[in-house]
Amino acid sequence: MFRRIFLSLFLIASLTSLAQGRKTVSVLGDSYSTYEGFVEPETNWVWYFAKPRVETTDVNNVQQTWWHQFIKNNGYKLEKNNSYSGSTVCNTGYDGADYSEISFIARMDNLGCPDMIIVFGGTNDSWANVPLGEIKYAGWNTEDLKSFRPALCHMMSFLNDRYPNTEIIYLINDGLKPEITGSIKEVCDHFSIQYLELMDIDKTAGHPNINGMRQIARQLTEKIK
């Protein structure tokens, strides 16, 4: 009897320890990483809905998203998904609009306390033809942050400082302007941050479909292994 109780208590303690020991993951992203009801804050705009627009995507379940697959398949836990559809890294958006309240640099301090941060951005900066600016690793001002390159530098510097001992991985979408892709690689190298350049992602209306989501999750898993 005592042996049975001891083994039960040991099993409970082991399972609790395992759950607490799982690596936590936060996502800082744009539309590619959204899903209705699964972003924080919940007021963030999303591209993927529980009842999808069939003309734009076949993704109809949160478990089909790249981040959900990656986290589940690798035994991680989601800390926070702060993704916002249409958002740019810098404070300039489409048609020169002010995105200072929804940009990546506006949201980068709201990721919880994760063990891993996955940044998936730059797509809208490329599509919106935002100002590129110049690489600048310190001393940013308001005008600097309206351009992609200095805003990117500011973001990566901040993430390194704000989240010490946190693994950071930058996902680079395929099909971006070469100057956007090249800048991300250069800045990541400067800060010794890992990056993954995605290849041949299957998309509908410019966004990953079910197969594309699988491809992203698979390529990211291969990267970390």
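All values below were derived from every heavy atom in this structure, side-chain atoms included, with hydrogens, water molecules and symmetry-related copies excluded.
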Next item on the list: May I ask you to check whether Phe38 and Tyr48 place their ring centres under 6.0 Å from each other?
Entry: no
Checklist line | ILVMFWY clustering at 4.5 Å (side-chain atoms), partners of Val46 | finding: Val39, Phe49
Checklist line | Matching residue for Ser103 among Asp98, Thr92, Asn91, Thr88 - test: side-chain hydrogen bond (donor to acceptor under 3.5 Å, both in side chains) | finding: Asn91
Margin query: What I'd like to find out is whether the side chain of Asp58 reaches to under 4.5 Å of the side chain of Val54, using heavy atoms alone.
Written below: no
Next item on the list: Output all residues satisfying side chain to side chain contact (heavy atoms under 4.5 Å, CB included) with Pro164, sequence neighbours left out; order by chain, then residue number.
Entry: none
Note to self: Tell me whether Glu143 is salt-bridged to Lys146, with the criterion being a basic N under 4.0 Å from an acidic carboxylate O.
What the structure shows: yes
Notebook entry, point to check: With hydrophobic residues grouped by side-chain heavy-atom distances under 4.5 Å, do Ile193 and Leu171 end up in a single group?
Noted result: no
Check: So which of Ile169, Val119, Asp189 actually passes side chain to side chain contact (heavy atoms under 4.5 Å, CB included) with Tyr195?
Finding: Asp189
Item checked: Cluster overlap Phe104 with Trp47, hydrophobic side-chain contacts below 4.5 Å -> no
Next item on the list: Quick one: which residue pairs count as a salt bridge (Lys or Arg N to Asp or Glu O under 4.0 Å) with a foot in residues 150-174, not counting sequence neighbours?
Entry: Lys23-Glu167, Asp174-Lys203
Next item on the list: Say whether Met116 and Met155 are linked into one hydrophobic cluster, either directly or through other cluster members, by side-chain heavy-atom distances under 4.5 angstrom.
Entry: no
Next item on the list: Evaluate side chain to side chain contact (heavy atoms under 4.5 Å, CB included) for Gln194 paired with Lys223, printing each intermediate quantity in order.
Entry: CA-CA 9 Å; Gln194 302 179 72; Lys223 169 70 175 180; 3.9 Å; yes
Item checked: Side chains of Trp66 and Ser33, donor plus acceptor under 3.5 Å -> yes
Margin query: Quiz question: by atom type and distance under 3.5 Å, do the side chains of Thr221 and Asn74 form a donor-acceptor pair?
Written below: yes
Note to self: Could you measure the distance from the CD atom of Glu79 to the CD atom of Glu40? Nearest 0.5 Å is fine.
What the structure shows: 8.5 Å
Notebook entry, point to check: Parallel, tilted or perpendicular: which fits the ring planes of Tyr32 and Phe120, with parallel below 30° and perpendicular above 60°?
Noted result: perpendicular
Check: How long is the span from the CZ atom in Phe70 to the CG atom in Leu220, to the nearest 0.5 Å?
Finding: 4.0 Å
Check: Which residues pass the salt bridge (Lys or Arg N to Asp or Glu O under 4.0 Å) test with Glu36, sequence neighbours left out?
Finding: none
Next item on the list: Taking side chain to side chain donor-acceptor pair (under 3.5 Å) as the test, write out the residues that go with Asn81, two or more places apart.
Entry: Ser83
Checklist line | Shortest non-hydrogen contact between Thr57 and Val59, atoms and distance | finding: OG1-N, 3.1 Å
Notebook entry, point to check: In the single-linkage hydrophobic clustering (I, L, V, M, F, W, Y; side-chain heavy atoms under 4.5 Å), do Val27 and Phe158 co-cluster?
Noted result: no
Check: With sequence neighbours left out, what residues match Glu197 under side chain to side chain donor-acceptor pair (under 3.5 Å)?
Finding: Lys185
Notebook entry, point to check: Can you list the residues that meet the side chain to side chain contact (heavy atoms under 4.5 Å, CB included) rule with Leu111, with sequence neighbours excluded?
Noted result: Ser26, Leu28, Asn82, Ile117, Leu159, Tyr163
Note to self: Applying side chain to side chain donor-acceptor pair (under 3.5 Å), can you list everything that pairs with Asp109, at least two apart in sequence or on another chain?
What the structure shows: none
Notebook entry, point to check: Shared ILVMFWY cluster between Ile105 and Ile168, side chains joined below 4.5 angstrom?
Noted result: yes
Notebook entry, point to check: Do Asn60 and Gln64 have side-chain atoms, one donor and one acceptor, less than 3.5 Å apart?
Noted result: yes
Item checked: Intermediate values then yes/no, side chain to side chain contact (heavy atoms under 4.5 Å, CB included), Trp67 and Ile216 -> CA-CA 9 Å; Trp67 53 268; Ile216 295 171; over 6 Å; no
Next item on the list: Give the C-alpha distance, both sets of side-chain angles, the deciding distance and a yes or no for side chain to side chain contact (heavy atoms under 4.5 Å, CB included) between Thr56 and Arg53.
Entry: CA-CA 6 Å; Thr56 59; Arg53 298 165 292 181; 3.4 Å; yes
Check: Would you say Ile135 and Cys153 make side-chain contact, with heavy atoms under 4.5 Å?
Finding: yes
Notebook entry, point to check: In chain order, what residues pass the side chain to side chain donor-acceptor pair (under 3.5 Å) check against His207, with sequence neighbours excluded?
Noted result: Ser31
Next item on the list: Can you sort out the partners of Asn211 under side chain to side chain contact (heavy atoms under 4.5 Å, CB included), two or more places apart, ordered by chain and number?
Entry: Asp202, Asn209, Arg214, Gln215
Next item on the list: Evaluate whether atom CD of Glu55 has more than 12 neighbouring non-hydrogen atoms of other residues, nucleotides or ligands under 6.0 angstrom away.
Entry: yes
Check: Under 4.5 Å between any side-chain heavy atoms of Tyr170 and Met156, yes or no?
Finding: yes
Item checked: Residue pairs involving residues 114-140 (criterion side chain to side chain donor-acceptor pair (under 3.5 Å); sequence neighbours excluded) -> Thr24-Asp115, Tyr94-Asn124, Thr123-Asn173, Asn129-Lys177, Lys136-Asp144
Note to self: One pair to check against side chain to side chain contact (heavy atoms under 4.5 Å, CB included): Ser147 and Leu132. What are the steps and the verdict?
What the structure shows: CA-CA 5 Å; Ser147 299; Leu132 288 175; over 6 Å; no
Notebook entry, point to check: What distance do Asn44 atom CG and Ser87 atom OG have between them, rounded to the nearest 0.5 Å?
Noted result: 8.0 Å
Note to self: Taking the side chain as everything from C-beta on, heavy atoms only, tell me whether His68 gets closer than 4.5 Å to Met213.
What the structure shows: no
Item checked: Lys51: partners by side chain to side chain contact (heavy atoms under 4.5 Å, CB included), with sequence neighbours left out -> none
Notebook entry, point to check: Between Ser183 and Phe148, what is the shortest heavy-atom contact and its length?
Noted result: CB-CE2, 4.0 Å
